[in-house]
Amino acid sequence: MYELAKFGYRESDKGIYRQGFTEADWQARHWITDHFQRCGLHTHMDGAGNVCGRYGPQDKPAILIGSHLDSVPAGGIFDGTLGVIAGLECVRIIQEQDIPLQYPIEIIATSEEEGRFGGMLGAQALSGSLTLDWLENAKDPTGETLKQAMAARGLDYHEALHAKRNPEDVKAFIELHIEQGPVLEASKKTIGVVEGISGVFKWLIKFLGKADHAGTAPMDLRSDAFMGLADFAHEIKRIIDENGTDKSRLTIGRVDLKPGYAHTVPGEADFTLVGRDMSEQVMRDLADSCRKALSAIARRHRLMFEYEQMSWLEPKSCSQHVMDVIEQTTQELGYSYQLMPSGAGHDAQFFTDITPTGMIFIPSVGGVSHAPDEWSHWVDVEKGCNVLLNSLLRLQTTL
């Protein structure tokens with residue numbers, strides 16, 4: 001984990017900056033490729049940038065394990081990478097103990113999971129959820145297109161469409177991940193058996209007003225784009241109270257004010273909005289309420305309002321069989337656990353479309369993730385790896 005964390009690490013804030021298709025991300029992919037090959041895995045990178053390493057019989061459908069290598073800006077060392085490194089450690093143990101396998105195990109280090117371009121590229125490619133239109137139009141908040149980012153790494157974006165796996169070639173998928181929330185720690189449980197994964201939508205929103213002199217423009221005559229943003233931020237609690245559930249989340253995560261000068265009234269506010277819930281109908285209700293609130297606020301402040309939906313990922317349920325296997329394994333190992341939903345999106349949600357899928361959570365200290373102080377105790381990491389390994393072996397005979 002520490003070795004992989006060197007790619008994209010910044011001393012200034014101790015965070016990991018390894019966004020999808022950046023130089024740091026690419027170095028990490030070459031690093032994991034090298035480690036897969038050292039372990040004797042049949043290794044390749046597909047057209048979406050996923051690094052895949054297979055061990056065991058090559059003529060049978062595989063049990064897939066893994067997670068992502070990319071990070072959010074100023075991220076932590078466990079998010080995503082835990083599932084990849086743990087998968088590699090499981091295969092090493094199987095090799096060392098010469099455990100026979102009925103089905104091969106394939107570790108996948110997926111690409112671009114953190115949504116720099118609005119989706120989960122690697123998992124979408126593997127599950128056949130990509131479209132050519134999305135590939136050609138996806139861009140990050142700075143305006144760089146996915147096509148440009150992939151080309152800079154020597155990838156033809158068309159080839160991502162050929163990364164799709166045939167469901168007949170896949171027996172199951174399991175992802176080990178940190179919880180990224182406080183539930184397990186608060187309940188003093190070691191393992192989370194994930195029941196389902198929250199749906200997520202992401203918007204890019206723009207309020208357009210009029211830049212003006214901060215000293216001469218009267219307060220009641222301004223078209224202040226930031227005031228529109230501020231009003232909408234205060235509406236979020238009401239929107240969730242009226243249209244959401246206890247699992248609903250609405251977050252403004254990025255804001256850019258233009259012209260961005262201390263003595264100028266902002267004439268433009270660009271910001272992101274991310275919504276989540278376990279029900280797709282609730283997600284639609286939240287989205288409708290947000291549109292109405294944004295429109296009303298724009299009228300109130302003499303602004304124009306526009307938005308672009310970058311992605312819409314529907315909620316997904318985990319396989320009951322895989323959940324049962326994880327639960328039985330955890331009980332046999334004597335670890336405390338609980339069934340729980342995932343409020344965060346994960347690669348696993350796309351694999352549910354093509355194969356029985358499950359997720360294993362371990363506690364996050366303080367519930368912190370997507371931050372430099374993200375941490376999970378090594379004893380919990382070890383227990384999560386034990387559950388993953390023994391679940392893999394149990395699935396060998398129960399699928």
Side-chain angles (χ1 to χ4, degrees), residues 18-22 25-26 29 44-54 61-62 64-72 80 83-84 106-170 172-173 175 197-204 272 274-276 280 283 308-317 344-357 359:
R18 198 165 57 229
Q19 297 96 303
F21 297 113
T22 59
D25 177 53
W26 216 239
R29 293 190 181 283
H44 75 281
M45 179 185 288
D46 65 24
N50 298 308
V51 180
C52 311
R54 178 178 289 221
L64 309 182
I65 55 176
S67 193
H68 59 98
L69 286 185
D70 63 312
S71 79
V72 298
V84 180
E106 183 172 351
I107 312 167
I108 301 182
T110 61
S111 67
E112 224 299 88
E113 188 268 358
E114 291 291 4
R116 175 187 170 193
F117 296 96
M120 297 183 185
L121 175 68
Q124 286 178 271
L126 291 162
S127 62
S129 301
L130 288 179
T131 65
L132 182 59
D133 179 69
W134 184 83
L135 285 168
E136 291 182 335
N137 292 286
K139 60 180 181 295
D140 71 10
T142 71
E144 182 176 4
T145 66
L146 174 61
K147 294 187 297 184
Q148 292 169 331
M150 293 183 72
R153 303 299 159 204
L155 295 177
D156 178 352
Y157 69 93
H158 293 95
E159 293 302 312
L161 295 170
H162 300 300
K164 177 183 177 181
R165 295 298 179 92
N166 185 335
E168 295 180 358
D169 296 331
V170 182
F173 175 77
E175 183 173 6
I197 301 164
S198 173
V200 184
F201 66 85
K202 182 178 181 180
W203 290 359
L204 288 180
T272 59
V274 173
R276 304 173 188 268
E280 189 163 22
M283 289 172 62
E308 177 183 358
Q309 183 166 287
M310 295 185 67
S311 61
W312 183 283
L313 307 178
E314 64 187 48
K316 296 292 184 178
S317 297
H346 296 286
D347 289 310
Q349 66 197 80
F350 285 99
F351 284 96
T352 62
D353 292 335
I354 62 170
T355 195
T357 296
M359 284 197 77

Residue list, salt bridge (Lys or Arg N to Asp or Glu O under 4.0 Å) with Glu106, at least two apart or on another chain: Arg54, Arg165
Counterpart residues, salt bridge (Lys or Arg N to Asp or Glu O under 4.0 Å), relative to Glu159 (two or more places apart): none
In Å, rounded to the nearest 0.5 Å, how long is the span from CZ of Phe173 to CE of Met359? 7.5 Å
For residues 114-123, which residue pairs qualify under salt bridge (charged side-chain N to carboxylate O under 4.0 Å, His left out), counting only residues two or more places apart or in two chains? Arg116-Asp140, Arg116-Glu144
Residues in side-chain contact (heavy atoms from CB on, under 4.5 Å) with Leu135, at least two apart? Leu121, Leu130, Leu146, Tyr157, Ala160, Leu161
By side chain to side chain donor-acceptor pair (under 3.5 Å) - contacts of Asp46 (at least two apart): Asn50
side-chain contact (heavy atoms from CB on, under 4.5 Å) filter on Ser129, not counting sequence neighbours, yields Gln124, Ser127, Phe350, Asp353
Residue set satisfying side chain to side chain donor-acceptor pair (under 3.5 Å) with His158, at least two apart, ordered chain then number -> Asp156
Just jot down the salt bridge (Lys or Arg N to Asp or Glu O under 4.0 Å) partners of Glu308, sequence neighbours excluded, or say none. Lys139
Give a yes or no answer on whether the side chain of Ser67 reaches the backbone of Glu175 with a donor-acceptor pair at less than 3.5 Å. no
Test side chain to side chain donor-acceptor pair (under 3.5 Å) applied to Thr110 - qualifying residues, sequence neighbours left out: Asp347
Who passes side-chain contact (heavy atoms from CB on, under 4.5 Å) against Ser198, sequence neighbours left out? Arg276, Met278
Sequence neighbours excluded, the answer for side chain to side chain donor-acceptor pair (under 3.5 Å) partners of Asn166 is none
Across all chains, not counting sequence neighbours, the ring-ring contact (aromatic ring centres under 6.0 Å, His included) partners of Phe201 are Trp203, Trp312
